Amino acid sequence: MKKFIISLALAFAAMSSANAQDWKPKVREQIEQANDSILEEGIKLYNYEKAAWLGTDLVIEHCKYKDELTGVIVYEATDGKLHCIAYDKYFLQCLFDYTFDESNSYSDAKRPLTQDEAKLIGMKTKMQEKCIETQTIQDCGPLNTDLIPLPNGNYRFYWLTGTTETNIVPIGNDYSFDFDENLNIIKQTKYHKSLLSMEIKEGVTSIIHSHLDDNPYMTPTDVCNYLLYARDCYNIQSFQVLSPALDGIHFMDDKANSIASITTAVLKKINKHQAKKNKQK
């Protein structure tokens, strides 16, 4: 595992001296653009899922109307702040409202749902029902859902497999569905073929898994689960995804400000150079 812990400086230094082994400029540009888009959506998904975690815990602790409680939903208000609200089974009442801002304030007073809140909850419920009816979801454990707005006005509905086990990072059994305004599925994506339960043992600082040829990039769900479980829960400092389709590797560190990609040829050169330096010590 240690040989995959690569610093950005070392990786880019190796690429600058070995351009013949790097991707062609147009391919690298495509990869970098894809990485930027994936990172942005992965961090948004992480923020929604983190808000759902924290908000649900607060609902359980502080909500005065637990006997009426049906579910929670996270959404971004017009002021850009995330809200996690608990609602009743008739989709009429907000039972608890937690706002993620500087003060992290909440209200436990019952109030009517806003029109937008009722719409989002209705969409989420219909999407869940439709995904189950079409049998596109494989239930391998606790499934979490997030409704993410897209720039074109549509929504992407994520299903993520979580875990209640300790020292486990779940990777896989994850899906997204793009819906139009009439709740028709216009795109569906299965990001991994199966579920990996990656055990985190003492001293582990980096985790890695490999994608199949039909999945060349790190995924938004990879980014989300790395940040949510590996980094936040177990202080894992780096995360890598092997890409046979690109003959390369994608990696990000615990600062989560970029996804970097290098070819396996450059990686081998780095490892060879590092091994030589270690022998000289």
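Heads up: numbering here begins at 1 and tracks the sequence. Only this structure's heavy atoms are used, side chains among them; waters, hydrogens and symmetry mates stay out. Given the structure is predicted, the values throughout are model-derived calculations rather than measurements.
Within the 3.5 Å criterion, the main-chain N or O of Val72 finds a donor-acceptor partner in the side chain of Lys124. Side-chain N or O atoms of His250 include one that pairs as donor or acceptor with a backbone N or O of Pro216 at under 3.5 Å. A distance-only check finds a donor-acceptor pair linking the side chain of Asn225 to the backbone of Pro170 [under 3.5 Å].
Ring orientation note: the planes of Tyr229 and Trp53 are nearly perpendicular, at an angle over 60° on the 30°/60° scale. Note: Tyr175 and Phe177 have parallel aromatic rings, judged against thresholds of 30 and 60 degrees for the angle between ring planes.
With respect to the salt-bridge test (charged N to carboxylate O, under 4.0 angstrom), the residues Asp214 and Lys193 qualify. Salt bridge status for Glu32 with Arg28: present, with a side-chain N to carboxylate O gap under 4.0 Å. Note on Glu41 versus Arg156: salt bridge recorded, some NZ/NE/NH1/NH2 to OD/OE distance being below 4.0 Å.
Residues Tyr48 and Glu76 are in side-chain contact: their nearest non-hydrogen atoms beyond the backbone lie under 4.5 Å apart. Ile259 places none of its side-chain heavy atoms less than 4.5 Å from the side chain of Val241. Side chains of Phe91 and Thr125 form a contact here, defined as non-hydrogen atoms less than 4.5 Å apart.
Side-chain contact, Thr264 with Asp247: a donor N or O sits under 3.5 Å from an acceptor N or O. No side-chain N or O of Tyr234 forms a donor-acceptor pair with one of Asp232 less than 3.5 Å apart.
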